[in-house]
Amino acid sequence: DGLANLIARFRPGEVSDKQREAQYSFTPNDIRRAIINRELVLHHQPKVTTHSGVMRGVEALVRWQHPELGLVPPSNFIPMAEEAGIIDELTDWVLETALKQLRDWHARGLTISVAVNLSAKSLSTPDLADRIAAVTSRIGIEPKYLLLEITETAVMSDLALSLGTLARLRLKGFGLGIDDFGTGFSSMQQLSRIPFTELKIDRSLVHGASEKPHLHVMLQSTIEMGKKLHLTTVAEGVENPSDWQLIRLLGCDVAQGFYVSKPVPGDALAGWLKQGTQHLRPQRPSMG
Ligand code: C2E
Ligand code: MG
Ligand code: MG
Ligand code: MG
């Protein structure tokens with residue numbers, strides 16, 4: 001549709017014209033085949049503590065390594081997978097792959113956590129919490145190393161329905177993150193009813209906030225709210241030194257964004273490990 005294309009055009013480099021044309025021509029079977037043919041891949045984006053720059057975890061982000069189109073971003077096939085009712089198959093693949101990758105990192109001494117995104121549709125599946133617990137124990141990962149991210153708008157669209165699944169996940173010991181916070185309209189009262197452990201503040205409140213007073217105020221009060229609710233606060237979209245310096249000043253706990261690292265294939269993280277570092281940020285001279 002027109003708006004999506006317009007938005008895509010303002011993110012140069014993320015989506016090629018070829019991919020944009022193909023956006024609506026995927027069928028559910030294309031995605032099933034992609035899973036079977038091992039065309040889906042995960043990239044991992046580091047999340048670092050703002051006080052030391054140490055990587056404590058990564059977010060696993062799915063891409064489709066399409067034989068003709070190249071690397072297709074998730075926005076081009078996740079909505080279709082949700083509509084076609086095959087998002088659970090995709091989620092299962094992402095969970096299994098992310099957890100196996102994590103087991104490998106742990107075996108090499110990189111004891112980080114991994115975050116996986118859940119779609120709103122999955123939250124209403126009654127057995128989701130059990131399925132996640134089953135795959136985690138089968139692969140041999142402690143629940144505290146897996147964090148599930150759910151967007152603010154997804155949770156709030158049907159709070160009653162999501163609440164049961166989220167509570168069960170939390171009781172089993174998994175981390176729960178509220179994603180893209182600031183794009184919806186949830187109140188502190190609503191938020192306090194859900195057992196979240198992490199508040200991920202949307203890029204739209206983070207990037208450029210040092211030059212825009214209204215963003216600065218919203219960012220500051222969102223971080224304060226997160227702290228009052230005893231949540232780990234994470235800033236998304238930290239793209240440059242000013243973003244980085246501001247969130248540190250405001251006391252945000254964790255940073256994620258291109259300034260720290262883009263999402264990278266699993267081998268790249270293993271490469272950093274070989275260099276003996278989980279410290280991504282302090283090595284850059286521009287750090288304040
Ligand atoms: P998200 O969960 O909010 O993930 C963060 C998105 O922001 C990623 O886009 C990441 O590449 C991008 N990003 C990170 N740092 C920066 C930055 O500094 N600047 C800018 N401009 N962007 C940044 P990506 O990988 O295209 O994913 C888009 C969305 O697709 C994700 O948003 C998530 O909602 C969804 N998604 C990705 N993987 C999965 C998955 O396995 N399952 C489900 N259900 N959704 C997924
Ligand atoms: Mg996310
Ligand atoms: Mg997000
Ligand atoms: Mg987002």
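Indexing begins at 1, ligand by ligand and atom by atom, following the structure's order. The first residue of the sequence shown is numbered 1, and numbering continues consecutively from there.
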Determine whether any heavy atom of Glu236 lies closer than 4.0 Å to an atom of ligand 1.
yes
Report the atom name of the nearest N/O/S atom of Asp179 relative to the Mg ion (ligand 2).
OD2
Looking only at distances, can you tell me whether any N or O atom of Val62, backbone or side chain, sits closer than 3.5 Å to an N or O atom of ligand 1?
yes
Ligand 1 atoms nearer than 4.0 angstrom to some heavy atom of Glu239 are 17 (C), 18 (O), 19 (N), 20 (C), 21 (N)
Contact atoms of ligand 1, heavy-atom distance to Gly237 under 4.0 Å:
17 (C), 18 (O)
Is His207 near ligand 1, meaning one of its heavy atoms is under 4.0 Å from it?
no
Distance under 4.0 Å to a non-hydrogen atom of Val94: what atoms of ligand 1 satisfy this?
41 (O)
Any idea which N/O/S atom from Asp180 gets closest to the Mg ion (ligand 3)?
OD1
Which is closest to atom 13 (N) of ligand 1 by heavy-atom distance: Tyr259, Phe258, Phe77, Trp93?
Phe258
May I ask you to check if ligand 1 and Glu82 share an N or O to N or O distance below 3.5 Å?
no
Hey, does Asp180 come in under 3.5 Å of ligand 1, counting only N/O atoms on both sides?
yes
Should you measure from each heavy atom of Ser119, which atoms of ligand 1 turn up under 4.0 Å away?
44 (N)
Of all N, O or S atoms in Glu236, identify the one at the shortest distance from the Mg ion (ligand 3).
OE2
Heavy-atom distance to atom 5 (C) of ligand 1: which of Arg63, Glu59, His43 wins?
Glu59
Measuring from the Mg ion (ligand 2), name the closest N, O or S atom belonging to Glu149.
OE1
Just give me the atom name: the N, O or S atom of Glu59 closest to the Mg ion (ligand 2).
OE2
Would you mind listing which atoms of ligand 1 come within a distance below 4.0 Å of any non-hydrogen atom of Gln45?
14 (C), 15 (N)
Looking at the Mg ion (ligand 2), is there an N, O or S atom belonging to Asn117 that lies under 2.8 Å away from it?
yes
